[in-house]
Structure formats: C-alpha cells, structure tokens
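Worksheet for the structure shown next.
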Amino acid sequence: MSDSCGKSDEELTEEFIRLQLELRDKLVVCDTEDWALDMNKLELIGGLDISYDKSDSSRGCVTCVVLNAKNDFEIVYKNNTFIEPINRYIAGFLAFREISFLVKEYDTLKQNGSQFMPQVWLIDGNGVLHPRKFGLASHFGVLVDSAVIGVAKNPYYLNFVDQSVKDDHKRQKLSLGKVGDQFPITNSSDEVIGVALKTSSDCKNPVYVSIGHKVSLNTAITVVLKCCKYRVPEPVRQADIISRQLINQ
DNA sequence: GCGACAG
DNA sequence: ATCTTGTCGC
C-alpha cells in the first residue's frame, strides 16, 4: 500500500525517520522564554487542532486559536481553514499527516494577526514523549522556532513497553487523586520524557504532557494546569470544538 | 504470524 | 480521527 509518490510504507517511514532525526538536532528542551521565569508575563497561548470528515476522507478543517490567559481564556484570534488531507496517519509519524497545515496556520497568523502571536503553543499530540523523542509538537516547534507543549489524550508510548510497565502505569493512574497529581513517564534509557497529569477532578484519565520545544517539562506542566478548566487545556479544547463543528456543518 | 498503534 | 445515546451525578 502506498499513497505518496508511489513509495512503499518502508520507503516512506525510512524517509520520515531520517527527517525526524535530522530536525531533532535543532530541538531545545529547556526554558528559553522570559515568561517561563515569571508566569505573570504569560498572556497569549495558542491552540491548533484538525478535525476530519467522518464520511469523506478528503475533507478536513484546521483551527488556530489564540487565547488570553489573563482574561479567562477569551479567544482573541481565530482562523479556520478547510483542507484536503494528503497523507494518511501512520502511528509514530502523525507530523507527516498534519504538520504542513499547522505551519500554514502559523504563517497566516504571522501575516494577518502578528499582534496575537502566542508566547507558547499547545498542540494536540506528543512532543518528546515519542519513540524517537520527536513527535508532532516538537516537529512544529522546530519548524516555526517557537515554544510548544505537547498534550496527548492517550499514552502512545505504552505500545513499546513491557507488560510490567503497563501494569505499573495502571496502578499509578489509580493513585492520581487531585488535580495536579502526576507521575513521570520514562523511556528505556531512564530519561523522563513526559508526565501523566491529572487535570480534572472528575475524569479518571490523565493527559500526557511533554516538552515540544523551548520549554522545560516543569514549565509545560505549569502551563497546562493553568489552562485547564476541563481535562483538555482550553487552547486545544477550543480549537477541537470549533474545527469539529465546522467540518460537520 | 498476530495484535497494538499520538490524531 | 471516527463509528455512537442515554444516563448518572453535581
């Protein structure tokens, strides 16, 4: 099965892996922004998400929003673009399905509403919580050279670990009591590549937060908690609601 | 070979 | 991502 220039899955993933590793050299996994040292300076936070048409795989809608964290997360910028998805989703390579559309939204914002350029982006997907430590959030961060945080709803990394680690994860999930409770997620090299974070008192499932680009993990956690009225942080939640509503009408 | 698989 | 309603609880 192939869908990109007649290349086989093997050829495609080989190419994708090369690009992930190449771009990863530019990844910054510590705080570089002034607001990270003084969270009172954090005001504009961006969110991006893409929804797809359930009955027509050639239709999608990408929504870009910027919220004001200092004004109850009011939406100060919003742009929607209907898209024609080119590549199908391959686990571990989400960026190659979505990245071009996200970068286009970034460029549109820069051109039409640069005064709303967010200080940090929240992306629906993983950053370094990824088999090659370079998920969609990191990919986007490097390409647009901005601070980015990855927020995933499912623990994709669990597909690459032993049953014993899965059991541990299940136990640790049950130990999460209140909002802000968390436990680290470690890779086979004992590096902490993400965290399971409880963001809602009445939801049993945590979200999986990881460094995208130009933020530390601690800063990423602080920002996500700051943005949560519900389980999913507002910037991503709003982008998801809006894009889904538009693709279905 | 079989099943699992961020969105 | 998407297929899918009601229902229990605050």
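So you know, we letter chains A, B, ... as the sequences are listed, proteins then strands, and number each from 1. Atoms considered below: every heavy atom in the structure, side chains included; atoms not considered: hydrogens, waters and symmetry mates.
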Query raised in the report: Hey, is A/Asp181 close enough to A/Lys178 for a salt bridge, meaning N to O under 4.0 Å?
Result: yes
Requested in this report: Flag the pair A/Arg18 and A/Glu15 as a salt bridge only when some basic side-chain nitrogen lies within less than 4.0 angstrom of an acidic carboxylate oxygen.
Outcome: no
Report task. May I have the distance from A/Asp240 (atom CG) to C/dT2 (atom C1'), rounded to whole angstrom? Result -> 12 Å
Query - Value in whole Å for how far the C1' atom of C/dT2 lies from CG of A/Asn248 - result: 10 Å
Query raised in the report: Should A/Val148 and A/Leu19 be counted in the same cluster of Ile, Leu, Val, Met, Phe, Trp and Tyr side chains packed under 4.5 Å apart?
Result: yes
Polar-atom pairs under 3.5 Å, protein N or O versus N or O of nucleotides 4-7 of chain B: list them with distances, or write none.
{"residue": "B/dC5", "atom": "O4'", "partner": "A/Asn159", "partner atom": "ND2", "Å": "3.4"}
{"residue": "B/dA6", "atom": "OP2", "partner": "A/Tyr89", "partner atom": "OH", "Å": "3.3"}
{"residue": "B/dA6", "atom": "N7", "partner": "A/Tyr89", "partner atom": "OH", "Å": "3.3"}
{"residue": "B/dA6", "atom": "N7", "partner": "A/Gly92", "partner atom": "N", "Å": "3.3"}
{"residue": "B/dA6", "atom": "N6", "partner": "A/Gly92", "partner atom": "O", "Å": "3.1"}
{"residue": "B/dA6", "atom": "N6", "partner": "A/Phe93", "partner atom": "N", "Å": "3.3"}
{"residue": "B/dA6", "atom": "N6", "partner": "A/Leu94", "partner atom": "N", "Å": "3.1"}
{"residue": "B/dA6", "atom": "N1", "partner": "A/Leu136", "partner atom": "N", "Å": "3.1"}
{"residue": "B/dA6", "atom": "N3", "partner": "A/Asn126", "partner atom": "N", "Å": "3.1"}
{"residue": "B/dA6", "atom": "N3", "partner": "A/Asn126", "partner atom": "ND2", "Å": "3.2"}
{"residue": "B/dG7", "atom": "OP1", "partner": "A/Lys153", "partner atom": "N", "Å": "2.7"}
{"residue": "B/dG7", "atom": "OP2", "partner": "A/Asn154", "partner atom": "ND2", "Å": "2.7"}

Query raised in the report: Got more than 12 heavy atoms from elsewhere within 6.0 Å of CZ, A/Phe160?
Result: yes
Report summary line: The dot-bracket string of DNA chain C, counting Watson-Crick and G-U wobble pairs with both distances under 3.5 Å, using [ ] for crossing pairs and | for pairs to another strand, is ..........
Report task. Measure the distance from CZ on A/Arg88 to C1' on C/dT2 and round it to the nearest whole Å. Result -> 17 Å
**Report entry** Integer angstrom distance from the C1' of B/dC5 to that of C/dT2
**Finding:** 15 Å
Report summary line: Residues at least two apart in sequence or cross-chain that pass salt bridge (charged side-chain N to carboxylate O under 4.0 Å, His left out) with A/Arg59, listed by chain then number, are A/Asp53
Requested in this report: Using a 4.0 Å heavy-atom cut-off across all strands, classify A/Arg244 as base, sugar-phosphate, or nothing.
Outcome: sugar-phosphate
Report task. Compute whether any side-chain donor of one residue and acceptor of the other, for A/Asp31 and A/Thr219, lie under 3.5 angstrom apart. Result -> yes
Requested in this report: Mark yes or no for whether A/Ser114, through its side chain, and A/Gln111, through its backbone, hold a donor-acceptor pair below 3.5 Å.
Outcome: no
Report task. Please determine if A/Lys41 and A/Glu33 form a salt bridge, counting it only when a charged side-chain N lies under 4.0 Å from a carboxylate O. Result -> no
